[in-house]
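Notes follow once the structure below has been shown.
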Amino acid sequence: MKILIINGPNLNMLGRREPEIYGSTTLSDIEAEILEYSKKYDDVQIEFFQSNSEGQIVDKIQACLDNFDGIIINPAAYTHTSVAIRDAIKAVNLPVVEVHLSNINDREEFRKISYTAPVCIGQITGFGKDGYKAALFCLISHIKCNNC
Ligand code: DQA
């Protein structure tokens, strides 16, 4: 089983960016933790992708077709604006879990709206970096039970 983990704009700055909101762990440390966690599954391969550009994220989601079994995405600021990323998720028809480090429902009003969550199988928000591991667990269970 192949799973792609996508991180959107400014998440490459984790560790230095607003640590009181997003924590002090860097993106590469989070990725290493996810990889370690994924070792408990014999049959799961993880790939990572980060981009600050909406078009590159759309291209990457499209490229998942026939190549990946599911996607975990933190679209970052594009969560609240991107019809293009939403349409790409819908177009590939793969199971996608949306993750946010912070609790987007407990912040500014504009962050409470997610364009992407309605086309995902679920959203995990507010659990910091652990949200990615929770998403991986849920996505793998979902795929293994044949999208039940
Ligand atoms: C975020 C929440 C977004 O509102 C914000 O624009 C981000 C990060 C999160 O992980 O909490 O860049 O997606």
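When a ligand or atom number is given, it counts from 1 through the structure's own listing order.
- The shortest heavy-atom contact between Asn10 and Arg17 is O-CD, 3.5 Å.
- Scanning all heavy atoms of the two residues, the minimum distance from Gly8 to Ile57 falls at CA-CD1, 3.9 Å.
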Distance-only criterion, 3.5 Å: show the donor-acceptor pairs between side-chain atoms of residues 89-97 and protein atoms not counting sequence neighbours.
none

Inventory of protein N or O atoms under 3.5 Å from ligand 1 N or O:
{"from": "ligand 1", "atom 1": "4 (O)", "to": "His80", "atom 2": "NE2", "distance (Å)": "2.7"}
{"from": "ligand 1", "atom 1": "4 (O)", "to": "Arg111", "atom 2": "NH1", "distance (Å)": "2.8"}
{"from": "ligand 1", "atom 1": "6 (O)", "to": "Ala77", "atom 2": "N", "distance (Å)": "3.2"}
{"from": "ligand 1", "atom 1": "6 (O)", "to": "Arg111", "atom 2": "NH1", "distance (Å)": "3.1"}
{"from": "ligand 1", "atom 1": "10 (O)", "to": "Asn74", "atom 2": "ND2", "distance (Å)": "2.9"}
{"from": "ligand 1", "atom 1": "10 (O)", "to": "Leu101", "atom 2": "N", "distance (Å)": "2.8"}
{"from": "ligand 1", "atom 1": "11 (O)", "to": "Leu101", "atom 2": "N", "distance (Å)": "3.3"}
{"from": "ligand 1", "atom 1": "11 (O)", "to": "Ser102", "atom 2": "N", "distance (Å)": "2.9"}
{"from": "ligand 1", "atom 1": "11 (O)", "to": "Ser102", "atom 2": "OG", "distance (Å)": "2.6"}
{"from": "ligand 1", "atom 1": "12 (O)", "to": "Arg17", "atom 2": "NH1", "distance (Å)": "3.1"}
{"from": "ligand 1", "atom 1": "12 (O)", "to": "Arg17", "atom 2": "NH2", "distance (Å)": "2.9"}
{"from": "ligand 1", "atom 1": "13 (O)", "to": "Asn74", "atom 2": "OD1", "distance (Å)": "2.8"}
{"from": "ligand 1", "atom 1": "13 (O)", "to": "His100", "atom 2": "ND1", "distance (Å)": "2.8"}

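- Taking the side chain to side chain contact (heavy atoms under 4.5 Å, CB included) definition, one finds that Asp29 meets it with Thr25, Thr26, sequence neighbours left out.
- Residues satisfying the side-chain hydrogen bond (donor to acceptor under 3.5 Å, both in side chains) test with Glu18, not counting sequence neighbours, are none.
- Between the side chain of Thr125 and the backbone N or O of Ser102 there is at least one donor-acceptor pair closer than 3.5 Å.
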